[in-house]
Amino acid sequence: MLQVNRRRKGKTVLVAGGAGFVGSHLCDALLGRGDTVICVDSYITGSRDNVRPLMNHPGFRLIEQDVCDFLEIDEPLDQIYNLACAASPPQYQADPVHTMMTCVAGTGNLLALAERHGASFLQASTSEVYGDPAEHPQREDYRGNVSCTGPRACYDEGKRAAEALCFDMLRGGRVDARVARIFNTYGPRMQANDGRIVSNLVVQALSGKPLTIYGSGMQTRSFCYVSDLVGGLMALMNVQPNPGVPVNLGNPGEFTINELAQIIRSMVPARTALVYRPLPKDDPQRRRPDISRATELLDWQPTVPLAEGLAQTIGWFAANLTERPRKRTAASRRPRSAAAAQAVPAGS
Ligand code: NAD
Ligand code: UDP
């Protein structure tokens, strides 16, 4: 394997969390560019299924490991992306201590690995560092409004601490660290049961079940399609010089949860009802990225409209729920829109 890798022309890139939703798409894109990819994942919220199509690729290697544990890689590394962390609120709250340790000890381990290898480092941070924001839209210089003792703190404060670690390593001249603040991202390979809004609503709609709306449904989010995000992550990793500041990556289109539910309902055959449930504690009321920094520094902006990205996502879930009997729900049906029906991306 190592001999094969050495013959490849691109960089050698480690993707921590590469068997997750975003990470697996990033692995695809890096391999497509000719890089050698080492994916490190504990599968706590990811799945081997996400990278199964890559297993026979000569440039791909998979290591099962928790990043909280010491990690060494024998071959030289050029770049490390740290995406290892549960991202869905129910999942990161299921073991909050482990989430915090993943953010702090895990990021610390990966930064130390980057330092030993002289590798560039990209941290997948989050819009959650802004908490329930008092400023709207959110610019990177806004310091946020995080509930530091609430149920989301393991993630929000963990990610804030991880950012601090990155910038300390950068200021100390020890690691070429970069920080992306990612806003809600969706697409194929989200877990059907991960509890996030897009996967929940799409799976419910395809299954003919009522769509669950937490609170009034008037809270807003901005939804970025996964291919747009991956393009932004790679642009930030490769831009020279290192911007030295965090960069928002997200789609500025802002929708209420009620609006999102209506759009998804209109795209699947079953006209399911909406059911309202209590709003989880500390759930942010508004969220929209100001992406002027990403546009200026990276010449990046998202290109996939919500309807198109949802069609891709619905098409993937429709095919996936049908093809995997273990995870099958009551009535997985083809989406209504022809675009959605044809929209399952190759290899996803
Ligand atoms: P995901 O849960 O699908 O992927 C995370 C991956 O990391 C999984 O494969 C999981 O098994 C792995 N992982 C978690 N803890 C680990 C540990 N301690 N050791 C090794 N592997 C571990 O989530 P995602 O949506 O793909 O998110 C990827 C990254 O992007 C996360 O760091 C998340 O915080 C960040 N992010 C995502 C979004 C989004 O909307 N998807 C928004 C903001 C930030
Ligand atoms: N939400 C909802 N119904 C669901 C799942 C989530 O109304 O079945 C709401 C949730 O309360 C939040 C928004 O949708 O206001 C986005 O939730 P998600 O968990 O996807 O991500 P968050 O941005 O909160 O981390």
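Remember, it's 1-based here, ligands and their atoms both numbered in the order they're listed. Remember, predicted model here, so these are calculated numbers, not experimental data.
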Passing option when Thr107 is tested against Met101, Glu163, Met169, Gln123 for side chain to side chain contact (heavy atoms under 4.5 Å, CB included):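 The option that passes is Gln123.
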Given Tyr225, which partner from the list Thr185, Val304, Asn251 fulfils the side chain to side chain contact (heavy atoms under 4.5 Å, CB included) test?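 Option passing the side chain to side chain contact (heavy atoms under 4.5 Å, CB included) with Tyr225: Val304.
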I need the minimum non-hydrogen distance between Asp228 and Cys224, along with the two atoms involved.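 Smallest heavy-atom distance, with atoms named: CB-SG, 3.9 Å.
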Write down the atom of Arg181, the atom of Glu140, and the distance for their closest heavy-atom approach.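 The pair with the smallest heavy-atom distance is NH1-O, 3.1 Å.
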When only distance counts, is [X] in polar contact with ligand 2, meaning an N/O pair under 3.5 Å?
| X | answer |
| --- | --- |
| Val198 | no |
| Gln219 | yes |
| Arg196 | no |

For Ser42, which part has a heavy atom under 4.0 Å from ligand 1: side chain, backbone, both, or neither?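 The part of Ser42 near ligand 1 is both the backbone and the side chain.
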Residue [X] vicinity, atoms of ligand 1 by number, heavy atom under 4.0 Å:
| X | result |
| --- | --- |
| Ala19 | 9 (O) |
| Tyr43 | 11 (O) |
| Asn184 | 40 (O) |
| His98 | 18 (N) |
| Tyr155 | 33 (C), 34 (O), 36 (N), 43 (C), 44 (C) |
| Gly46 | 8 (C), 9 (O), 10 (C), 11 (O) |

Around atom CD of Gln285, are there more than 12 heavy atoms of other residues, nucleotides or ligands at under 6.0 Å?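 Counting neighbours around CD of Gln285, more than 12 heavy atoms of other residues, nucleotides or ligands fall under 6.0 Å, so yes.
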Test your reading of the structure: does [X] have an N or O sitting under 3.5 Å from an N or O of ligand 1?
| X | answer |
| --- | --- |
| Asp66 | yes |
| Ser47 | no |
| Ala84 | no |
| Thr126 | no |
| Ser125 | no |

Would [X] count as a contact of ligand 1 if the rule is a heavy atom under 4.0 Å away?
| X | value |
| --- | --- |
| Tyr186 | no |
| Gln65 | yes |
| Arg196 | yes |
| Lys159 | yes |

Is the closest heavy-atom distance from Gly195 to ligand 2 below 4.0 Å?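 Within the 4.0 Å threshold, so yes.
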Any Ser88 heavy atom less than 4.0 Å to ligand 2: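 The answer is no, since Ser88 has no heavy atom less than 4.0 Å from ligand 2.
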From the options [options], select the one whose nearest heavy atom is closest to [atom].
| atom | options | result |
| --- | --- | --- |
| atom 10 (C) of ligand 1 | Thr45, Val15, Leu233 | Thr45 |
| atom 24 (O) of ligand 2 | Glu128, Arg152, Arg287 | Arg152 |
| atom 5 (C) of ligand 1 | Gly17, Cys85, Ser24 | Cys85 |
| atom 13 (N) of ligand 1 | Thr185, Ile44, Asp95, Thr102 | Ile44 |
| atom 6 (C) of ligand 2 | Tyr214, Tyr276, Tyr92, Tyr155 | Tyr214 |
| atom 2 (C) of ligand 2 | Thr185, Ile197, Asp194, Leu211 | Ile197 |
| atom 11 (O) of ligand 1 | Asp41, Thr107, Ile182 | Asp41 |

Taking C-beta and beyond as the side chain, do Asp282 and Pro151 meet within less than 4.5 Å on heavy atoms?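 Side-chain contact under 4.5 Å: yes.
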Output the list of atoms in ligand 2 that are nearer than 4.0 Å to some heavy atom of Asn200, sorted by atom number.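 Near Asn200, meaning under 4.0 Å from one of its heavy atoms, ligand 2 has 4 (C), 5 (C), 8 (O).
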Within the 4.0 Å heavy-atom shell around Ile213, which atoms of ligand 2 are there?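 Ligand 2 atoms under the 4.0 Å threshold to Ile213: 7 (O).
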NZ/NE/NH1/NH2 to OD/OE distance under 4.0 Å, Glu64 and Arg48: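 Yes, this pair counts.
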Salt-bridged, Arg160 to Glu128, with N to O below 4.0 Å?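 No, Arg160 and Glu128 are not salt-bridged.
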Does Asp283 approach ligand 2 within less than 4.0 angstrom via side chain, backbone, both or neither, non-hydrogen atoms only?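 Side chain only; the backbone of Asp283 stays clear of ligand 2.
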Looking only at protein heavy atoms, which one is nearest to [atom], and how far off is it?
| atom | answer |
| --- | --- |
| atom 13 (C) of ligand 2 | Ile257 CD1, 3.7 Å |
| atom 3 (N) of ligand 2 | Thr212 O, 2.8 Å |
| atom 21 (O) of ligand 2 | Asn184 ND2, 3.5 Å |

Aromatic plane relationship, Phe183 with Tyr130 - under 30° parallel, 30 to 60° tilted, over 60° perpendicular: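 It falls in the tilted class, 30° to 60°.
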Parallel, tilted or perpendicular, as decided by the 30° and 60° cut-offs, for the rings of Tyr155 and Tyr92: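 Correct class here is parallel.
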